[in-house]
Protein chains: 2
Amino acid sequence: MISSGKETLKLENQLCFRLYNLSKSMNRLYAPVLKELELTYPQYLVMLVLWQATEPLKVKALGEKLDLDTGTLSPLLKRMEKLNLLSRNRNKEDERSVEIKLTQHGQSLKTKAEHIPTQMFKVTKLSIDKLHNLNKMLDKLSENIG
Amino acid sequence: MISSGKETLKLENQLCFRLYNLSKSMNRLYAPVLKELELTYPQYLVMLVLWQATEPLKVKALGEKLDLDTGTLSPLLKRMEKLNLLSRNRNKEDERSVEIKLTQHGQSLKTKAEHIPTQMFKVTKLSIDKLHNLNKMLDKLSENIG
DNA sequence: TGCATTTAAGTTGTGCACAATGTATATTTT
DNA sequence: AAAATATACATTGTGCACAACTTAAATGCA
């Protein structure tokens, strides 16, 4: 039962705590694998977006895809530029925006990353059906609270 | 299909990205509600543990329940002590350990927090059955990767 | 055209997470 | 009992997240 009783304040009953812990667990799971590419987890997410992109992406577009604001993205992208993963250039047509492009090094990392999703899927020990089902439930939840 | 093909590196296909985003969304959902109690989300989790506890908890025990190490907990608990939420005292029997106890103020906040789980449950727009089902799937995943 | 408004990034400050290391106390081993 | 090991917590340093604010360029409109 869901009511304002004794049980509701128990840590173990909180969906948010499960998501918080799973997110941390995932991070820890990815960290050693990504270390081989010298990437942090958020940097990996940026790379995922850029590897898919067919043209330079503005910071704003990146932020929308990753649900991150410039307060997070600006320093993150600066660090990635320093690591020679990408370039940041002011758009000539609109000097407000900055275009993010992979460097050759950044592009070349894609090959080394291609095994990661499969490897991680195996670690979850989920069947493909269960994964799809879970994804669907999480998407629905995202839609409801996002 | 799961294989090392084109699709696997797509951001939208990553379970980890869903969890990462949902965790952030949850945080944002809780932030304004917790602000009324002057708590951050991790501080709220600490309070959930302490509100349930029948005796003072050692930092280590708290860390195990929350899956946080002392590098995170020590400064977090210090901030909470400063906010007059809890006290930190060296154990007389074992000077290595530190006992965490709620202050009266910390204890009194429990009443003000009692509406939060129910309120948050409503926001998710999930049925109780679906919530239980999702919780079960997430616990299973936790067990597999944790 | 001039000025207010909007838009795109960047900056500042706070609070986590966590790896790596340090410090002090307790326990175990010899 | 002395030395080695283990335990509990703290500290340092890096990298996010995000709120709040700033800066500069583009757009809208009187």
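Only heavy atoms go into these numbers, but all of them, side chains included; no hydrogens, no water, no symmetry mates. Below, read A as the first sequence line, B as the second, and so on, with proteins coming before strands; counting in each chain starts at 1.
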Rounded to whole angstrom units, what separation is found between the NZ atom of B:Lys60 and the P atom of D:dA6? 14 Å
Residue met sooner reading DNA chain D from 5', once A:Lys92 and A:Pro42 are mapped to nucleotides: A:Pro42
Could you tell me whether B:Lys10 and B:Glu7 have a side-chain N and a carboxylate O separated by less than 4.0 Å? yes
Taking only Lys NZ, Arg NE, NH1 and NH2, and the carboxylate oxygens of Asp or Glu, determine whether B:Lys60 and B:Asp69 approach each other closer than 4.0 Å. no
Any side-chain N or O of B:Lys24 less than 4.0 Å from the OP1 or OP2 oxygen of D:dA17? no
So which one's nearest nucleotide on DNA chain D is more toward 5', A:Asn27 or A:Glu95? A:Asn27
Indicate whether OP1 or OP2 belonging to D:dC16 is found under 4.0 Å from a side-chain N or O atom of A:Arg79. yes
Is any side-chain heavy atom of B:Phe17 less than 4.5 Å from a side-chain heavy atom of A:Leu66? yes
Heavy atoms under 4.0 Å, any strand shown: does B:Ser74 hit a base, just sugar-phosphate, or nothing? base
Would you say a side-chain N or O of B:Tyr20 is under 4.0 Å from OP1 or OP2 of D:dC16? no
Atom-pair distance (CG on A:Asp69; P on C:dT7), nearest Å: 17 Å
In whole angstroms, the gap separating C1' of C:dT11 from CZ of A:Arg88 amounts to 13 Å
Should A:Ser97 be listed as having a side-chain N or O under 4.0 Å from OP1 or OP2 of C:dT7? no
Report the distance from atom OH of B:Tyr44 to atom P of C:dC16, rounded to the nearest whole Å. 16 Å
Side chain of A:Val59 only, please: which of D:dC16, C:dA20, C:dG10 is the nearest? C:dG10
Options C:dC16, D:dC18, C:dG10, nucleotide nearest the side-chain atoms of A:Val98: C:dG10
Determine whether a donor-acceptor pair (one donor, one acceptor, N or O, separation below 3.5 Å) exists between the side chain of B:Thr70 and the base of D:dA10. yes
Provide, to the nearest angstrom, the distance between the CZ atom belonging to A:Arg96 and the C1' atom belonging to D:dT22. 16 Å
Here's a test of your reading of the structure: between A:Arg90 and A:Ser25, which maps to the more 5' nucleotide of DNA chain C? A:Arg90
Inspect the contact between B:Lys78 and B:Glu81 and indicate whether a charged nitrogen and a carboxylate oxygen are less than 4.0 angstrom apart. no
Could you tell me the separation between the CD atom of A:Glu64 and the P atom of C:dT7, rounded to a whole number of Å? 12 Å
What is the separation between atom NZ on A:Lys78 and atom C1' on C:dT11, rounded to the nearest whole Å? 8 Å
Between CG of A:Leu68 and C1' of D:dG15 the distance, given in whole Å, is 13 Å
Side chains of A:Glu99 and A:Asn89: any donor to acceptor distance under 3.5 Å? no
What is the nucleic acid contact for B:Thr72, judged by heavy atoms within less than 4.0 Å: base, sugar-phosphate only, or nothing? base
Assess whether a salt bridge exists between B:Glu36 and B:Lys112, defined as any Lys/Arg side-chain N lying under 4.0 Å from an Asp/Glu carboxylate O. no
If you look at every strand shown and take non-hydrogen atoms under 4.0 Å, does A:Glu99 touch a base, only sugar-phosphate, or nothing? nothing
